[in-house]
Amino acid sequence: MKYWLLKSEPGSYSIDDLAAEKKKRTSWDGVRNYQARNLMREMKNGDLCFFYHSSCPKPGIVGIVKVVRQAYPDHTAFDPDDHHYDPKSDPEDPRWFMVDVRIVRKLARIISLRELREHGTGALSEMVLLRRGNRLSVTPVTKKQWNCITSLE
DNA sequence: GCCAACGTTGGC
DNA sequence: GCCAACGTTGGC
């Protein structure tokens with residue numbers, strides 16, 4: 001089993017939005033970056049992901065979600081009315097993919113980006129999220145990093 | 001709002 | 001294949 005981190009802007013979709021879903025799950029659609037797409041295609045059912053709030057007053061990890069459906073074509077790319085429409089994605093040969101995730105739990109408290117950075121010389125020094133200039137919305141997390149972060153809670 | 005970092009596009 | 005221009009991300 002692998003671990004990941006998924007970014008979302010709480011202004012558009014927050015951990016509370018996910019918790020409020022009837023089935024406690026959602027499709028992780030709208031990813032339009034090749035690196036992030038490739039990582040999403042590596043995700044397997046049962047993999048765990050941190051839910052990260054970005055572009056907000058207090059960026060950080062706010063919850064844990066589980067992959068419940070592995071990568072399948074992102075149909076929002078085929079919809080001209082969708083904000084993430086991509087005319088270059090052909091339904092016969094889809095360019096973009098999404099996974100479905102279910103909430104496992106909200107963390108008792110937010111583990112802020114600042115706090116993660118403060119562990120920069122320890123177990124988290126190699127964390128992809130913390131790399132300079134990183135903008136990927138989907139990043140891998142090692143078991144060691146996962147255990148370190150969950151122990152901070 | 002600023003701006004650094006990065007990805008994508010498109011002319012050549 | 002190079003690279004300048006442009007758009008986006010995301011912390012601050």
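The model shown is predicted, which means the values in this text are computed figures rather than measured ones. Sequence lines set the chain letters: A, B, ... in the order given, protein chains first and strands last, and positions in each chain run from 1.
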Undergrad: Looking across every strand, which nucleic acid part, if any, lies under 4.0 Å from Lys88(A) by heavy atom: base, sugar-phosphate, or nothing?
TA: sugar-phosphate
Undergrad: Could you tell me how the ring of Tyr13(A) sits relative to the ring of Trp28(A): parallel (under 30°), tilted (30 to 60°) or perpendicular (over 60°)?
TA: perpendicular
Undergrad: Using whole Å, what does the distance between atom C1' of nucleotide dT8(C) and atom CD of Glu9(A) come to?
TA: 10 Å
Undergrad: Taking the side chain from Asp74(A) and the backbone from Met98(A), do they hold a donor-acceptor pair closer than 3.5 Å?
TA: no
Undergrad: Please report, rounded to the nearest Å, how far the C1' atom of dG11(C) is from the CZ atom of Arg117(A).
TA: 8 Å
Undergrad: Can you tell me if the side-chain N/O atoms of Lys7(A) get under 4.0 Å from OP1 or OP2 in dT9(C)?
TA: no
Undergrad: Rounded to whole Å, how long is the line connecting atom CZ of Arg114(A) with atom C1' of dG11(C)?
TA: 13 Å
Undergrad: Measure the distance from NE2 on His83(A) to P on dT8(C) and round it to the nearest whole Å.
TA: 8 Å
Undergrad: Is there a side-chain contact between Arg135(A) and the phosphate of dT8(B), meaning an N or O under 4.0 Å from OP1 or OP2?
TA: no
Undergrad: Write down the distance between CG (Leu116(A)) and P (dC12(C)), rounded to a whole number of angstrom.
TA: 11 Å
Undergrad: Can you tell me how far P of dT8(C) sits from CG of Asp86(A), to the nearest Å?
TA: 13 Å
Undergrad: Could you list the residues that satisfy side chain to side chain donor-acceptor pair (under 3.5 Å) with Lys106(A), not counting sequence neighbours?
TA: Asp16(A)
Undergrad: Quick one: His84(A) NE2 to dT9(C) P, roughly how many Å, whole number?
TA: 9 Å
Undergrad: Passes salt bridge (charged side-chain N to carboxylate O under 4.0 Å, His left out), Arg105(A) versus Glu153(A)? Steps please.
TA: CA-CA 12 Å; Arg105(A) 63 189 179 86; Glu153(A) 186 188 6; 3.0 Å; yes
Undergrad: Using the ring centroid of each side chain, check whether Trp96(A) and Tyr34(A) are separated by less than 6.0 Å.
TA: yes
Undergrad: Using atom types as modelled, flag every donor-acceptor pair under 3.5 Å from a side chain in residues 49-61 of chain A to any protein atom, sequence neighbours excluded.
TA:
from, atom 1, to, atom 2, distance (Å)
His53(A), NE2, Ile15(A), N, 3.1

Undergrad: Using a 4.0 Å cut-off on heavy atoms, which residues in residues 30-40 of chain A reach DNA chain C? List them by number, or say none.
TA: none
Undergrad: Give, for atom CH2 of Trp4(A) and atom NZ of Lys44(A), the distance between the pair rounded to the nearest 0.5 Å.
TA: 9.5 Å
Undergrad: dC6(B) C1' sits how many Å from Arg131(A) CZ, rounded?
TA: 14 Å
